[in-house]
Novice: 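Starting off with a structure, shown below.
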Amino acid sequence: MSNQPSFNQRNMILAMVATAVLLFGWDAAMKHFYPNAYKPKPVATASAGASAAPGVPGGSLAALPGGNGPGGNGPGGNGPGSAAGPAAADPSTLKPTREGGLTNVGDQALEVRQLAAVLAPASRVAIAAPGLSGSINLVGGVVDDLTLNRHRATVDKTSGPVRLFSPAGTLAEQFAQAGWVGAQAGVALPQGDTVWTVPAGAKLTPATPVTLSWTNTTGQTFTLTYSIDDDYMITVKQGLTNAGTAAVNVTPFALITRTDRTASLDSWNIHSGPFGAFDGKVAFKPKYKDVQGAGAVANEGATDWLGFTDIYWMSVLVPDASGTSSDFRALGGGLYRADLIYHPAVVVPGQSLSHTTRLFAGAKESLVLDRYEAGVNGQPAIANFGLAIDWGWFRFVEKPIFLLLRALFHAVGNFGVAIILLTAIVRGVMFPVAQRQFKSMAAMRSLQPKMKALQERHKDDKQKLQEETMKLYKEEKVNPLAGCLPVFLQIPIFFALYKVLNVSIEMRHQPFALWIKDLSAPDPLHIFNLFGLIPWDPPSLLSLGVLGLLLGITMYFQFKLQPAQADPAQQQMMAIMPWMMMFVMSPFASGLLIYWITSNCLTMAQQFYLYSRHPGLKAQSVKDEAKGSGAQGKA
C-alpha cells in the first residue's frame with residue numbers, strides 16, 4: 001500500500017476541514033455578510049437632537065437638514081448623552097435582533113425614565129384608536145408618541161404594547177413632523193419650539209380629527225389637521241392662510257427621524273433601514289451605513305412613499321399628488337431622517353395653501369398593507385404598498401403560501417400546527433415531482449453497469465465515450481436531466497416557505513407546544529448550558545437546542561434513505577451534512593425548524609413509499625452503501 005493517503009481519505013480530510021471552517025467561522029461570516037448596523041459613533045447628545053428637525057428662523061430649503069427641532073428647544077432636550085442617571089450602553093457593543101428595539105436592559109430602564117419625564121399630558125393631545133395609542137406633542141406639533149395596540153412588546157402576556165415612536169432626545173427616538181421652511185425676511189414660520197393651540201378637550205380618534213393652529217404677527221395662520229383610521233394610518237393636512245398684506249414664499253415638508261439603535265437585523269435577504277417606492281418600484285435601499293457614509297442620499301424619480309423599515313414594523317410618509325422630492329440624511333449620533341419636500345409655493349394675500357401627507361406607523365400586516373394599496377375609506381390608493389414587506393424574488397409563490405398559512409392558523413388556532421399542515425400540503429403537491437425524480441434516479445442507477453463498461457472500453461477516447469453515452473441514453477429512453485428538473489421546480493417553493501416564515505409578523509409571539517412559546521424566536525432550551533441549569537448564554541455557534549438536534553437526526557436518517565452517491569467523496573459529505581446543518585440552523589426561528597423537521601419526516605415517508613415501488617433501487621442502494629463502507633475500511 002502506498003504511504004500517501006488514498007483519494008477517498010484525502011477527500012474525507014478536505015470535507016472535515018471544510019466543515020470545521022464553516023462551523024467555527026460561522027460567527028465571523030455572519031459579521032461579514034450581516035454587518036453590525038451599530039458602528040462606533042458618538043453617543044447622541046442634545047446638540048445632535050437639535051439637528052433632528054427643520055425650522056430655522058428665516059431659513060431656506062438648504063437649511064432643512066438642520067434647525068431648531070424637537071430635540072433642541074422642544075421637548076426631550078435631554079438626550080442620551082446628557083440624561084441624568086446611568087449612561088446609555090455604547091452603541092458599538094449592541095447587536096441588532098429580528099425584533100429591533102432596545103436590547104440592553106440598562107437602556108430599557110433609561111428609556112422608561114426618559115419617557116416618564118417628557119410625556120407630560122398638559123402639553124399633548126391624546127391619540128386613541130384601535131390600532132394606535134399615544135399623543136401629539138403641541139410643542140412643535142410632532143407625532144412622537146405611538147404604541148401598537150395589537151402587538152405586545154415581549155412574549156410575556158403582561159408586557160405592554162410595542163412602542164414605535166418616542167420623543168426626540170430619548171434613547172429610542174423616532175418621530176414624524178410636518179411644517180414649512182422659507183427665506184422671506186419678516187415672516188415667522190412655525191419652529192420646533194413653537195407651541196400650537198388646540199380646542200379644549202381635543203382627542204384624536206377615528207371619529208374626531210384634531211386641528212392644531214398657530215398665527216404669526218404678520219397675519220399668516222398655519223394649521224395641522226390630524227385624522228386617524230382604525231389601523232395604522234395618520235393623515236395630516238398642512239394648511240396656510242395668508243391674511244396679511246404681502247405674499248409669502250414657503251416650502252412645505254414632512255419628515256421622519258429615527259435612531260439606528262433600535263433597528264432590526266439587516267441581512268442579505270431581509271432589508272432593515274431606509275426604503276421607499278419611486279416611480280412605481282419599491283427600493284429596499286439604501287443601508288444605514290450608506291447614508292452615514294454619503295451624508296445625504298437623494299431619491300430618483302417620483303416619490304410614491306418613503307421612510308424606514310424593520311422586519312416587523314415600518315414608518316413611512318405618503319405624499320399627495322402635487323409633486324415632491326425626497327432624500328435620506330444622516331444627522332450624526334446614530335440619527336437618520338427621511339425628508340419629503342413639496343415644491344415651493346407663493347401664497348398671496350387672501351389665498352390659502354394646503355398639502356395632505358399620510359403617515360403609516362405600524363406593523364407590516366400583509367392584509368392591512370394590501371387594503372391601503374387598493375385604497376380604503378375613500379383615500380387614494382398607495383402604489384405597491386403591499387410590497388413594503390420584503391417578499392423577495394418569489395413573491396408570486398409566497399403570497400399564496402402566506403394566505404394558505406393564515407387560513408390554516410385561523411382554522412386550527414395554533415401557528416405551529418398550521419406550519420406542519422402547510423408543510424404536508426406543499427409536500428403533497430410536490431409529491432408527483434419527487435416521484436418523477438425518484439424514477440429518474442432509478443433509471444440512471446440501472447444503467448450504471450453499462451456506463452462503467454463504456455468507461456472502461458473508451459477510457460482513452462473521451463469524444464467516443466460521450467457519443468456512446470448519449471447513444472445509450474437514447475436506446476434506454478433515459479433523460480439524464482430529468483432528475484434535475486424536479487429539483488429546480490422545488491427550489492422556489494421551499495425558498496418561498498422559508499421567506500414567508502421569516503417575514504410573517506403573524507408568527508411573532510405565537511406559541512406551539514411545551515417549551516416553545518414564540519415560534520419567531522430560536523429554541524430557548526440549549527443543550528450546552530444544560531437547558532438553562534448553567535447560567536451561561538452560549539454563542540450562536542453552540543446554541544444547539546432540542547429542535548436543532550431533532551433537525552440533525554431527521555436529516556441524517558433522510559440522507560441514509562437516499563440512493564448512495566456514485567462518488568465516495570460525495571457520499572462522505574452527505575454523511576457529514578446533517579450534523580453541520582444541525583449547528584447552522586439551530587439559531588434560526590423555531591417555526592423554521594419545525595417546518596424543516598416536518599419536511600424531513602415527510603420526505604422519509606415518501607422515500608419508504610417510493611422504495612416499495614422500486615425495490616430494485618433499494619437493493620442497489622444497500623449494496624452500494626455496503627460497498628462504500630468496505631472501501632472506506634480498506635482505505
Side-chain angles (χ1 to χ4, degrees), residues 392-409 411-412 414-447 476-502 504 512 547 550-565 570 574 577-578 581 585 591-622 624-625:
W393 296 341
F394 301 118
R395 65 174 181 268
F396 61 92
V397 180
E398 292 166 17
K399 289 297 285 288
I401 288 177
F402 165 75
L403 294 174
L404 176 58
L405 179 63
R406 189 175 182 274
L408 291 171
F409 169 57
V412 300
N414 185 293
F415 211 95
V417 175
I419 291 173
I420 293 173
L421 293 176
L422 176 66
T423 310
I425 291 172
V426 172
R427 274 291 175 186
V429 171
M430 297 302 296
F431 178 73
V433 177
Q435 187 175 25
R436 183 173 180 179
Q437 179 186 11
F438 213 82
K439 287 181 179 179
S440 176
M441 293 171 64
M444 290 296 295
R445 178 63 65 179
S446 67
L447 291 181
E476 299 291 338
K477 298 180 179 180
V478 172
N479 183 357
L481 298 179
C484 300
L485 180 60
V487 175
F488 288 125
L489 290 176
Q490 294 180 66
I491 287 175
I493 299 293
F494 295 116
F495 184 80
L497 269 171
Y498 164 80
K499 195 65 180 287
V500 165
L501 295 178
N502 257 312
S504 297
F512 174 45
L547 290 179
L550 290 174
L551 173 66
I553 293 172
T554 56
M555 188 176 290
Y556 171 77
F557 284 109
Q558 176 195 343
F559 285 1
K560 290 284 287 184
L561 286 173
Q562 290 180 356
Q565 300 293 319
Q570 292 183 13
M574 295 293 282
M577 185 69 70
M581 293 302 296
M585 293 298 298
L592 283 171
L593 269 63
I594 289 173
Y595 148 68
W596 204 321
I597 293 168
T598 304
S599 180
N600 289 344
C601 293
L602 293 175
T603 300
M604 286 189 286
Q606 288 181 355
Q607 288 173 326
F608 277 121
Y609 171 76
L610 292 171
Y611 273 133
S612 69
R613 300 288 302 273
H614 304 278
L617 183 59
K618 176 61 178 176
Q620 183 66 39
S621 177
V622 173
D624 290 342
E625 185 175 345

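Computed from a prediction, not measured in an experiment: that's the story for all the values here.
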Novice: Report yes if the side chains of L404 and P400 come closer than 4.5 Å at any heavy-atom pair, otherwise no.
Specialist: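 No. Closest side-chain heavy atoms not under 4.5 Å.
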Novice: Please walk me through it: do L405 and F415 pass side-chain contact (heavy atoms from CB on, under 4.5 Å)?
Specialist: CA-CA 8 Å; L405 179 63; F415 211 95; 3.6 Å; yes
Novice: If you round to the nearest 0.5 Å, how far is CD1 of I553 from CD1 of I597?
Specialist: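 Going from the CD1 atom of I597 to the CD1 atom of I553 covers 9.5 Å.
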Novice: Return the set of residues passing side-chain contact (heavy atoms from CB on, under 4.5 Å) with L602 (not counting sequence neighbours), or none when no residue passes.
Specialist: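 L602 satisfies side-chain contact (heavy atoms from CB on, under 4.5 Å) with T423, A424, R427, T598 only.
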Novice: Where do M555 and W596 land on the side-chain contact (heavy atoms from CB on, under 4.5 Å) test, with the steps shown first?
Specialist: CA-CA 9 Å; M555 188 176 290; W596 204 321; 3.4 Å; yes
Novice: So F495 and F394, would you call those rings parallel, tilted or perpendicular, with 30° and 60° as cut-offs?
Specialist: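 Taking F394 first and then F495, their aromatic rings stand perpendicular (interplane angle over 60°).
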Novice: State which residues pass side-chain contact (heavy atoms from CB on, under 4.5 Å) with V417; sequence neighbours excluded, sorted by chain then number.
Specialist: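 For V417 the side-chain contact (heavy atoms from CB on, under 4.5 Å) partners, ignoring immediate neighbours, are V412, N414, L421, F512.
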Novice: Just wondering, are more than 12 heavy atoms of other shown residues or ligands nearer than 6.0 Å to CZ in F608?
Specialist: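 Atom CZ in F608 is not crowded, with 12 or fewer foreign heavy atoms closer than 6.0 Å.
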Novice: Can you name the nearest heavy-atom pair linking L551 to M585, along with the distance?
Specialist: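 That closest heavy-atom pairing would be CD2-CB, 3.4 Å.
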Novice: What are the two closest heavy atoms between P578 and G552, and how far apart are they?
Specialist: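 So the two residues come closest at CB-O, 3.7 Å.
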Novice: Measure the CZ-CZ distance between R406 and F409 for me, rounded to the nearest 0.5 Å.
Specialist: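 Nearest 0.5 Å value for the CZ-CZ distance: 9.0 Å.
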Novice: Taking all non-hydrogen atoms of both residues, which atom of V397 and which atom of A496 are closest, and how far apart?
Specialist: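 Closest approach of V397 to A496: CG1-CB, 3.8 Å.
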Novice: Taking side-chain contact (heavy atoms from CB on, under 4.5 Å) as the definition, give me every residue that meets it alongside L403, ordered by chain and number, with sequence neighbours left out.
Specialist: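 By the side-chain contact (heavy atoms from CB on, under 4.5 Å) rule, L403 matches L367.
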Novice: Start with the C-alpha distance between V500 and L422, add both sets of side-chain angles, then the distance that settles side-chain contact (heavy atoms from CB on, under 4.5 Å), and finish with yes or no.
Specialist: CA-CA 12 Å; V500 165; L422 176 66; 5.8 Å; no
Novice: Going through the distances and angles, do L593 and L550 end up as a side-chain contact (heavy atoms from CB on, under 4.5 Å)?
Specialist: CA-CA 9 Å; L593 269 63; L550 290 174; over 6 Å; no
Novice: Roughly how far, to the nearest 0.5 Å, is CE of M430 from CD of Q606?
Specialist: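 Answer for the CD-CE pair, Q606 versus M430, is 9.5 Å.
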Novice: Please report the interatomic distance CG(L501) to CD(E398), rounded to the nearest 0.5 Å.
Specialist: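 If I round to the nearest 0.5 Å, the distance is 10.5 Å.
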